[in-house]
Asker: 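Dropping a structure here in structure tokens format, bear with me for questions.
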2 protein chains.
Amino acid sequence: MRTAEALCAKRGARLTEIRRRVLKAVWASHAPMGAYDILAGLNAGTGKIAPMAVYRALDFLMEHGLVHRLASLNAFIGCALATENHAAHFLICRGCKSATEMEGAALTRAVKKTLSAHGFVPETEIIEIQGLCAHCHKEGVPKT
Amino acid sequence: MRTAEALCAKRGARLTEIRRRVLKAVWASHAPMGAYDILAGLNAGTGKIAPMAVYRALDFLMEHGLVHRLASLNAFIGCALATENHAAHFLICRGCKSATEMEGAALTRAVKKTLSAHGFVPETEIIEIQGLCAHCHKEGVPKT
DNA sequence: GTGAACAATGTTATAACATAACATAAATAA
DNA sequence: TTATTTATGTTATGTTATAACATTGTTCAC
Ligand SMILES: [Zn+2]
Ligand SMILES: [Zn+2]
Ligand SMILES: [Zn+2]
Ligand SMILES: [Zn+2]
């Protein structure tokens, strides 16, 4: 959270109340959260925030690399490596619902190589591997 | 199309009228199509097919590896390598809206390696790189 | 300080994507 | 043929995301 504040300050970006609350909600969850889950959390008390507000906050947070969107789940998760902009690669376990962000230097290199072979200029890189994490696999989480 | 028929015959799977029509629609488009786009196409004449029917056909076609879903676009595209089940890796150009399926042996290897390093057992592999294809980049398609 | 310009939020409505649940019909097996 | 399974029809609803425009708040030049 300090990191987020520092980062926004450095960029002259405003980490407002609602953005902070959304970020906090996303960070508080190990599992990826849907936008409407986040919304429900914010509105748990007396709230009456609208979906738009959450989506706008998420857009802001994504722009600044504090949150990632998991396309395969329509869900959002806090960035584990909130440094400069980076490609996000995720391992998504259907057993424990975890999504682990991985720092894949080798993978990144392989992707780059493949792209340049095609002359393709990348802008967004989505890599999401679904399956079972080591723990859940050992536990014998069933197929379906 | 012959391929699809052969493949289904071999497996005892029934490539019915509606499934065939959906496959044809998806194949006819270079660009990925949304489910409701496909639906609109089928219903262009006298039709009155419901969304469910399209989604069910798509599920069938995906099970048999004839169609892929692009998670980042909520769209579907015909498989360019309709052989055995394979991980689908796509290059998605925002200029010409094309989605190119790539046969990335090296990339596949890199992914495998990374996964085993994490002890992660994969089931579904989503790799979608968005950006500009060589042609659109050369044309100077602008940022936004 | 005042006012212009921009940034953020509020508000309402709707678009776009996807599935649940149950009924009917068609194909296959026994 | 009857039973069983597979596919489709039908209606309704759930889920995710954006459009459009009004209002409020912040910043900055003057
Ligand atoms: Zn990250
Ligand atoms: Zn797990
Ligand atoms: Zn394919
Ligand atoms: Zn292109």
Side-chain angles (χ1 to χ4, degrees), chain A residues 4-5 8-9 11-23 25-26 29 31-43 46-64 66-77 97 124 126 128 144, chain B residues 4-5 8-23 25-26 29 31-43 46-64 66-77 97 124 126 128 130 144:
Chain A
E5 283 167 11
C8 288
R11 298 187 193 167
R14 288 156 60 187
L15 186 57
T16 58
E17 172 69 10
I18 191 165
R19 290 167 177 173
R20 182 187 305 269
R21 289 181 69 194
V22 170
L23 180 57
V26 171
S29 167
M33 296 183 80
Y36 281 76
D37 296 336
I38 297 168
L39 180 65
L42 299 194
N43 282 345
T46 66
K48 55 177 192 354
I49 293 172
M52 266 313 299
V54 171
Y55 279 104
R56 288 198 277 228
L58 287 168
D59 284 346
F60 171 89
L61 295 169
M62 284 191 291
E63 263 177 32
H64 290 86
L66 296 168
V67 162
H68 295 292
R69 179 167 190 275
L70 297 174
S72 62
L73 301 179
N74 295 327
F76 302 84
I77 191 165
K97 311 298 181 198
T124 308
I126 296 175
E128 299 176 16
T144 53
Chain B
E5 282 167 11
C8 287
K10 197 177 73 182
R11 298 187 193 168
R14 289 156 59 188
L15 187 57
T16 58
E17 172 68 9
I18 191 165
R19 290 168 178 174
R20 182 186 307 268
R21 290 182 68 196
V22 169
L23 179 57
V26 171
S29 168
M33 297 183 79
Y36 281 75
D37 296 336
I38 297 168
L39 180 64
L42 298 193
N43 283 345
T46 66
K48 54 178 197 349
I49 293 173
M52 267 311 301
V54 172
Y55 278 105
R56 288 198 279 229
L58 287 169
D59 284 344
F60 171 90
L61 295 168
M62 284 191 290
E63 264 176 33
H64 290 85
L66 296 168
V67 163
H68 296 291
R69 179 168 190 276
L70 296 175
S72 61
L73 301 179
N74 295 327
F76 303 85
I77 191 166
K97 311 298 181 195
T124 308
I126 296 174
E128 298 176 17
Q130 301 179 326
T144 52

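In what follows, chains are A, B, ... by sequence order, proteins preceding strands, each numbered from 1. As a basis for the values below, the full set of heavy atoms in this structure was taken, side chains included, without hydrogen atoms, waters or symmetry mates. Keep in mind the model is a prediction, meaning the values are calculated, not measured.
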Asker: For B:Arg20, enumerate each residue passing the side-chain hydrogen bond (donor to acceptor under 3.5 Å, both in side chains) test, keeping only those at least two apart in sequence or located in another chain.
Answerer: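 Per chain and number, B:Arg20 pairs via side-chain hydrogen bond (donor to acceptor under 3.5 Å, both in side chains) with B:Glu5.
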Asker: Nearest whole angstrom, please: distance from the C1' of D:dT16 to the CG of A:Leu70.
Answerer: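 Those two atoms, CG and C1', are 15 Å apart.
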Asker: Taking all non-hydrogen atoms of both residues, which atom of B:Leu42 and which atom of B:Arg21 are closest, and how far apart?
Answerer: O-NH2, 3.1 Å
Asker: Identify which nucleotide among D:dA20, C:dT9, D:dT11 has an atom closest to any side-chain atom of B:Met52, counting heavy atoms from C-beta outward.
Answerer: D:dT11
Asker: Hey, could you give me the CG/NE2 distance between A:Leu15 and A:His64, rounded to the nearest 0.5 Å?
Answerer: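 That separation rounds to 9.5 Å.
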Asker: Just checking B:Ile49: base, sugar-phosphate only, or nothing, at a heavy-atom cut-off of under 4.0 Å?
Answerer: nothing
Asker: To the nearest 10 degrees, what angle separates the axes at the start and end of the helix from C:dG1-D:dC30 to C:dA30-D:dT1, five pairs each?
Answerer: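 Answer rounded to 10°: the end axes differ by 30°.
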Asker: B:Tyr55: which residues meet the ring-ring contact (aromatic ring centres under 6.0 Å, His included) condition with it, sequence neighbours left out?
Answerer: none
Asker: On DNA chain C, compare the nucleotides closest to A:Ala53 and B:Phe76; which residue's is nearer the 5' end?
Answerer: A:Ala53
Asker: Would you tell me if any nitrogen or oxygen in the side chain of B:Asn74 comes within less than 4.0 Å of OP1 or OP2 on C:dA18?
Answerer: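 True: B:Asn74 side-chain N/O within range (under 4.0 Å) of C:dA18 OP1/OP2.
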Asker: Looking at residues at least two apart in the chain, or sitting in another chain, which of them share a side-chain contact (heavy atoms from CB on, under 4.5 Å) with B:Ala25?
Answerer: B:Ile38
Asker: Identify whether any heavy atom of A:Arg19 sits under 4.0 Å from a base atom; if not, whether one sits that close to sugar-phosphate; answer base, sugar-phosphate or nothing.
Answerer: sugar-phosphate
Asker: Nearest 0.5 Å, what's the CG-CG distance between A:Leu23 and A:Leu58?
Answerer: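 A:Leu23 atom CG to A:Leu58 atom CG measures 9.5 Å (nearest 0.5 Å).
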Asker: Can you name the side-chain contact (heavy atoms from CB on, under 4.5 Å) partners of A:Arg56, sequence neighbours left out?
Answerer: A:Met52
Asker: In whole angstrom, give the distance that lies between atom CE of A:Met33 and atom P of D:dT16.
Answerer: 12 Å
Asker: Round to a whole Å and report the spacing from CG of A:Leu61 to C1' of C:dA8.
Answerer: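 Going from CG in A:Leu61 over to C1' in C:dA8 covers 14 Å.
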Asker: Test of understanding: with side-chain contact (heavy atoms from CB on, under 4.5 Å), list the residues that count as partners of A:Arg69, not counting sequence neighbours.
Answerer: A:Met62, A:Ala71, A:Asn74, A:Phe76
Asker: Give, for atom CD1 of B:Ile126 and atom CG of B:Leu70, the distance between the pair rounded to the nearest 0.5 Å.
Answerer: 9.5 Å
Asker: Could you tell me the separation between the CD1 atom of B:Ile38 and the P atom of C:dC17, rounded to a whole number of Å?
Answerer: 11 Å
Asker: Identify, with sequence neighbours excluded, every residue that meets side-chain contact (heavy atoms from CB on, under 4.5 Å) alongside A:Ala31.
Answerer: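 A:Ser29, A:Lys97.
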Asker: Within the side chain of B:Arg19, is there an N or O that forms a donor-acceptor pair under 3.5 Å with the backbone of B:Phe60?
Answerer: no
Asker: Do any N or O atoms of the protein come closer than 3.5 Å to N or O atoms of nucleotides 26-30 of chain C, and which pairs are they?
Answerer:
none

Asker: What integer distance in Å separates A:Arg21:CZ from C:dA8:P?
Answerer: 18 Å
Asker: Let me know the distance between CG of B:Leu39 and C1' of C:dA15, rounded to the nearest Å.
Answerer: 15 Å
Asker: List, with names and distances, any nitrogen or oxygen atoms from the protein found under 3.5 Å away from nitrogen or oxygen atoms belonging to nucleotides 13-15 of chain D.
Answerer:
none

Asker: Roughly, in whole Å, what's the span from OH in B:Tyr55 to C1' in C:dA21?
Answerer: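 Going from B:Tyr55 (OH) to C:dA21 (C1'), I get 18 Å.
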Asker: May I have the distance from A:Arg56 (atom CZ) to D:dA22 (atom P), rounded to whole angstrom?
Answerer: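 Roughly 14 Å, once rounded to whole Å.
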Asker: Looking at A:Ala57 and A:Val22, what are the two nearest heavy atoms and their distance?
Answerer: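 So the two residues come closest at CB-CG2, 3.8 Å.
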